[in-house]
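These notes are about the structure you will find just below.
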Amino acid sequence: MTNKELSQTIRAELKKHGYTSKTVSISIRSGGYGDTYIKAKVKDPKTDRSKVKAVLLRYRDVDIDERSQEILQGGNTFVTVDYEYGIFDAVAADWIPMAREAYDSGKEAVELFDGLYLYRDKFRAWVSESKSLTRRSCYSIENLAELIYKYAQFGTIAV
């Protein structure tokens, strides 16, 4: 199957699941040794990246050496799904006051939502979910607002 045919097939599959070119863009490139790279960019901040990835992982085909567990060269198809850069800036802006209040509180632990906490020590801050043990470093108020948005929208910060 050519890259163009693969692209059309993937777009049709995504469309069946309700994703259009306005929500997800697809790029397919050939690499060395006959490898194929499928790269998807989620363009809508309300779209769950993990659900898009679940659809695209059906097209992943990677040969792994059974003994060493190394990826064998040649003929592999790799899939990556990422959010478009800056996609959450506008939607997370509504959460900045809450993020600023929590960040500036000076407390070592602040409950943001039921099950979502901001932790701090002298050198760093991180957000953690109690139900899944997922943690994300927090390096700014804007970043904290983005994590709060993700939790409010998707129920997890692991998207």
Side-chain angles (χ1 to χ4, degrees), residues 1-95 99 112-113 115-119 123-159:
M1 183 179 297
T2 67
N3 287 353
K4 185 175 184 178
E5 292 169 341
L6 181 59
S7 176
Q8 291 171 343
T9 303
I10 290 172
R11 284 188 174 92
E13 183 72 22
L14 287 170
K15 194 170 188 176
K16 283 186 207 173
H17 288 86
Y19 304 112
T20 66
S21 60
K22 291 183 180 185
T23 55
V24 179
S25 67
I26 299 293
S27 169
I28 300 177
R29 301 284 182 254
S30 296
Y33 301 104
D35 290 336
T36 302
Y37 299 90
I38 301 170
K39 187 176 184 179
K41 286 282 186 180
V42 177
K43 303 187 292 185
D44 179 11
K46 294 180 180 162
T47 300
D48 188 339
R49 180 184 68 89
S50 59
K51 291 180 180 177
V52 173
K53 190 172 185 175
V55 172
L56 293 180
L57 281 179
R58 295 185 11 216
Y59 296 95
R60 180 180 183 263
D61 183 21
V62 178
D63 291 328
I64 297 177
D65 183 276
E66 292 178 15
R67 187 171 182 189
S68 67
Q69 296 300 307
E70 292 180 1
I71 294 174
L72 300 173
Q73 290 184 339
N76 295 310
T77 302
F78 299 98
V79 174
T80 59
V81 181
D82 293 312
Y83 283 110
E84 193 170 67
Y85 180 78
I87 190 173
F88 295 109
D89 292 349
V91 292
D94 295 339
W95 297 98
L112 302 166
F113 282 106
L116 185 69
Y117 300 90
L118 170 67
Y119 295 102
F123 308 104
R124 62 190 172 174
W126 65 94
V127 176
S128 181
E129 292 180 26
S130 61
K131 65 181 176 189
S132 67
L133 302 177
T134 302
R135 295 174 68 170
R136 295 288 185 265
S137 293
C138 182
Y139 49 85
S140 69
I141 292 172
E142 291 78 13
N143 177 242
L144 178 57
E146 180 180 319
L147 293 170
I148 293 170
Y149 168 79
K150 286 179 178 179
Y151 191 80
Q153 178 70 29
F154 305 115
T156 182
I157 59 175
V159 293

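Hydrogens, waters and symmetry mates are skipped; everything else that's a heavy atom, side chains included, is used. Just so you know, these numbers come straight off a predicted model, no measurement behind them.
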Any idea which heavy atoms bring [X] and [Y] closest together, and the distance?
| X | Y | value |
| --- | --- | --- |
| L147 | I157 | O-CG2, 3.4 Å |
| D35 | G75 | OD1-N, 3.2 Å |
| A145 | A99 | N-CB, 3.8 Å |
| D63 | G74 | OD2-O, 4.3 Å |
| V62 | N76 | CA-OD1, 3.3 Å |
| Y149 | K46 | OH-CG, 3.7 Å |

task: Apply side-chain contact (heavy atoms from CB on, under 4.5 Å) to the pair R60 and F78, showing each step before the final yes or no.
output: CA-CA 5 Å; R60 180 180 183 263; F78 299 98; 5.6 Å; no

Going from [atom1] on [X] to [atom2] on [Y], what distance comes out if it is rounded to the nearest 0.5 angstrom?
| X | Y | atom1 | atom2 | value |
| --- | --- | --- | --- | --- |
| L6 | Y59 | CG | OH | 7.5 Å |
| F154 | S50 | CZ | OG | 8.0 Å |
| I87 | D44 | CD1 | CG | 6.0 Å |
| T2 | K4 | OG1 | NZ | 8.0 Å |
| S128 | Y117 | OG | OH | 9.0 Å |
| L116 | T156 | CG | OG1 | 9.0 Å |

message: Is there a side-chain contact (heavy atoms from CB on, under 4.5 Å) between L72 and I64? Walk through the geometry before answering.
response: CA-CA 6 Å; L72 300 173; I64 297 177; over 6 Å; no

Using modelled atom types only, decide if a donor and an acceptor are shared between the side chain of [X] and the backbone of [Y] within a distance under 3.5 Å.
| X | Y | value |
| --- | --- | --- |
| Q8 | E5 | no |
| K41 | T23 | no |
| Y83 | T47 | yes |

Test item: [X] and [Y] side chains (from C-beta on) under 4.5 Å apart, heavy atoms:
| X | Y | answer |
| --- | --- | --- |
| R135 | Y119 | no |
| K43 | S25 | yes |
| I38 | V81 | no |
| V42 | D82 | no |

message: Let's go through D61 and T36 carefully: what are the C-alpha distance in whole Å and the side-chain angles of both, what is the deciding distance for side-chain contact (heavy atoms from CB on, under 4.5 Å) to 0.1 Å, and is it a yes or a no?
response: CA-CA 9 Å; D61 183 21; T36 302; over 6 Å; no

task: Would you check if there is a donor-acceptor pair between the side chains of S30 and N3 at a distance under 3.5 Å?
output: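 Yes, a side-chain donor-acceptor pair sits under 3.5 Å.
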
- prompt: Who pairs with F113 by ring pair (Phe, Tyr, Trp, His ring centres under 6.0 Å), at least two apart in sequence or on another chain?
  reply: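 Applying ring pair (Phe, Tyr, Trp, His ring centres under 6.0 Å) to F113 gives W95, Y151.
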
task: Quick one: do L144 and I148 satisfy side-chain contact (heavy atoms from CB on, under 4.5 Å)? Show the steps, please.
output: CA-CA 6 Å; L144 178 57; I148 293 170; 4.0 Å; yes

- request: Only counting residues at least two apart or in another chain, list the ones meeting salt bridge (Lys or Arg N to Asp or Glu O under 4.0 Å) with E13.
  value: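 Salt bridge (Lys or Arg N to Asp or Glu O under 4.0 Å) list for E13, sorted by chain: K16, R58.
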
query: Are there more than 12 heavy atoms of other residues, nucleotides or ligands under 6.0 Å from atom NZ of K39?
result: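 Atom NZ in K39 is not packed in, count stays at 12 or less.
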
Q69, CD: over 12 other non-hydrogen atoms inside 6.0 angstrom: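 Yes.
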
